[in-house]
Amino acid sequence: MSLEQFLTRQFPGLELRNPLFYSWPVGIRFELGVSDGTASIHDQPAYLPGVYHRAIDLFEALHAPEDDLYIVVDVHEFNSSHAQRRQLNVFAKYVKERSVLYRLRQDTFSSVYLEDDEDGSYRKHRFSLRCSRSDLRYAALLRAICNQDMGKRPVVDVPVYVVNMTEQTVFHIYDDRGCDVIAAEADTLRPVYAWFSDWILEYDRAAVDGVFG
C-alpha cells in the first residue's frame with residue numbers, strides 16, 4: 001500500500017504538518033526537553049542527553065523492529081535540486097544499507113501556502129522511504145532532529161514524520177521541546193499513555209486524559 005493510500009484510509013483528511021497533535025482527535029503530546037531552571041538550556045549539560053533519552057525511548061516503544069514504516073520528509077523549496085540535496089541528509093546518512101535507498105520516492109505538490117510565504121508559490125517536495133526500524137540508524141536520526149534548534153551537529157532541519165502502517169500511528173518530533181504521536185484508534189496508544197504518563201506535556205494533559213484517562 002502506498003503512503004497516500006494508507007493516510008487516506010486510516011487518517012482521512014489529515015495533513016502531515018506541525019502541530020500534528022492538534023490535527024487529529026487521538027494523540028499524545030510528550031515533553032522531551034526538561035529544564036532544571038538554573039540556566040539557559042544551552043548551558044545545562046544534562047538537558048540534551050535527557051531529550052535524546054526520551055525521544056529514543058518513545059520511538060522504540062512505538063515502533064517494533066520489523067514494523068512496516070514510512071519515513072516522510074517534506075521540503076518546501078523553489079529549487080528541486082536544492083530539495084534533493086537537503087533530503088539526502090535524512091536518508092543517506094541514517095539508513096544502514098544503501099540498497100534501502102532504492103525504495104525512496106519523491107512527489108511534488110505545487111502552490112503550497114506557507115504562513116511566511118507572501119505569494120504562496122512554494123512547491124512541496126515529499127520524500128518517502130518505506131522501511132523498517134531495523135533498516136535505520138534511528139538513534140542517530142532522532143538525535144539529529146532534536147539538535148535542530150540547539151546549535152549542535154549533526155542536524156536534521158526539515159520536518160520528519162514516521163508513519164507506522166503496522167500500528168497505524170504517526171510520530172513527529174517537532175524540536176527538542178517535544179514530540180507528537182497520533183493513532184487511528186485510541187487503544188493503540190493506551191500502553192504508551194500509561195508507561196510514559198509523566199512525560200505528557202502539562203499544557204495538553206487535560207486533552208490527552210480526556211481521550212485516554
Side-chain angles (χ1 to χ4, degrees), residues 14-64 69 71-76 86 89-90 93-94 114-116 133 136-164 167 169-183 186-213:
L14 175 70
E15 183 177 354
L16 292 183
R17 62 181 301 175
N18 188 39
L20 195 63
F21 174 77
Y22 300 117
S23 301
W24 190 254
V26 178
I28 306 175
R29 172 159 277 201
F30 290 105
E31 185 175 22
L32 298 182
V34 180
S35 171
D36 63 17
T38 61
S40 165
I41 57 174
H42 298 275
D43 298 323
Q44 296 176 31
Y47 178 79
L48 261 181
V51 172
Y52 300 154
H53 164 70
R54 289 191 176 195
I56 293 168
D57 278 5
L58 287 168
F59 185 88
E60 290 179 343
L62 288 159
H63 309 93
L69 310 179
I71 307 300
V72 183
V73 173
D74 285 343
V75 181
H76 297 93
R86 291 182 70 187
N89 287 330
V90 178
K93 290 184 178 181
Y94 300 108
L114 299 176
E115 290 184 358
D116 58 353
R133 191 185 97 180
L136 300 171
R137 296 175 56 236
Y138 63 87
L141 173 60
L142 295 173
R143 288 192 292 267
I145 295 170
C146 293
N147 284 343
Q148 61 184 284
D149 291 330
M150 296 300 296
K152 300 286 187 179
R153 293 198 176 272
V155 62
V156 170
D157 61 354
V158 290
V160 179
Y161 302 89
V162 182
V163 178
N164 188 326
E167 296 297 330
T169 62
V170 184
F171 175 92
H172 174 58
I173 294 174
Y174 47 90
D175 55 31
D176 60 283
R177 293 171 299 168
C179 167
D180 290 339
V181 57
I182 62 172
D187 285 347
T188 305
L189 295 183
R190 287 192 192 281
V192 176
Y193 167 78
W195 298 335
F196 300 102
S197 178
D198 290 346
W199 296 358
I200 295 171
L201 186 66
E202 284 300 325
Y203 181 83
D204 294 301
R205 183 176 292 277
V208 174
D209 288 347
V211 176
F212 300 98

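Computation of the quantities below employed the complete heavy-atom set of this structure, encompassing side-chain atoms and omitting hydrogens, waters and symmetry-equivalent molecules.
- Residue Leu189 holds its CG atom at 7.0 Å from OG1 of Thr169, rounded to the nearest 0.5 Å.
- Here the side chain of Arg133 pairs a donor or acceptor atom with the backbone of His63 at under 3.5 angstrom.
- Looking only at side-chain heavy atoms (C-beta outward), Val211 and Pro25 stay at 4.5 Å or farther from each other.
- Side-chain contact check for Phe196 versus Ile28: every heavy-atom pair is 4.5 Å or farther apart.
- Looking at heavy atoms from C-beta onward, Tyr193 lies in side-chain contact with Asp209 at the 4.5 angstrom threshold.
- For the atom pair CD1 (Ile173) and CZ (Phe30), the distance works out to 11.5 Å, reported to the nearest 0.5 Å.
- A side-chain contact (heavy atoms from CB on, under 4.5 Å) with Val160 is found for exactly one of Asp74, Leu142, Ile145, namely Ile145.
- Annotation: side chain of Val170 is in contact with side chain of Leu16 (closest heavy-atom distance under 4.5 Å).
- Ion pair Asp57/Arg54 not flagged as a salt bridge, since none of the NZ, NE, NH1 or NH2 atoms sits closer than 4.0 Å to an Asp/Glu carboxylate oxygen.
- Within a 6.0 Å radius of CZ in Arg177, no more than 12 heavy atoms belonging to other residues, nucleotides or ligands are found.
- Side-chain contact between Cys146 and Tyr52 is present, with heavy atoms from C-beta onward closer than 4.5 Å.
- Taken from NE2 in His172 to CZ in Phe21, the straight-line distance is 13.5 Å, to the nearest 0.5 Å.
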TODO: I would like to know whether Tyr22 and Asp204 meet side chain to side chain contact (heavy atoms under 4.5 Å, CB included); could you show each step before the answer?
DONE: CA-CA 10 Å; Tyr22 300 117; Asp204 294 301; 2.8 Å; yes

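- The shortest distance between side-chain heavy atoms of Ile41 and Asp176 falls below 4.5 Å.
- With contacts defined as side-chain heavy-atom distances shorter than 4.5 Å, the pair Ser35/Gln44 qualifies.
- The backbone N or O of Leu48 sits nowhere less than 3.5 Å from a side-chain atom of Arg143 that would complete a donor-acceptor pair.
- Atoms CG and CG, from Asp157 and Asn147 in turn, are 11.0 Å apart once rounded to the nearest 0.5 Å.
- A donor atom on one side chain and an acceptor atom on the other are found under 3.5 Å apart for Glu60 and Tyr138.
- In this structure, OH in Tyr161 is found 6.0 Å from CG in Asn18, a value given to the nearest 0.5 Å.
- Residues Ser23 and Arg17 share a closest heavy-atom pair of OG-O, 4.4 Å.
- For the atom pair Leu201 CG and Asp180 CG, the distance stands at 9.0 Å (nearest 0.5 Å).
- The closest side-chain heavy-atom distance from Tyr94 to Ile71 is not below 4.5 Å.
- Between the side chain of Trp24 and the backbone N or O of Ala183, at least one donor-acceptor pair lies under 3.5 Å.
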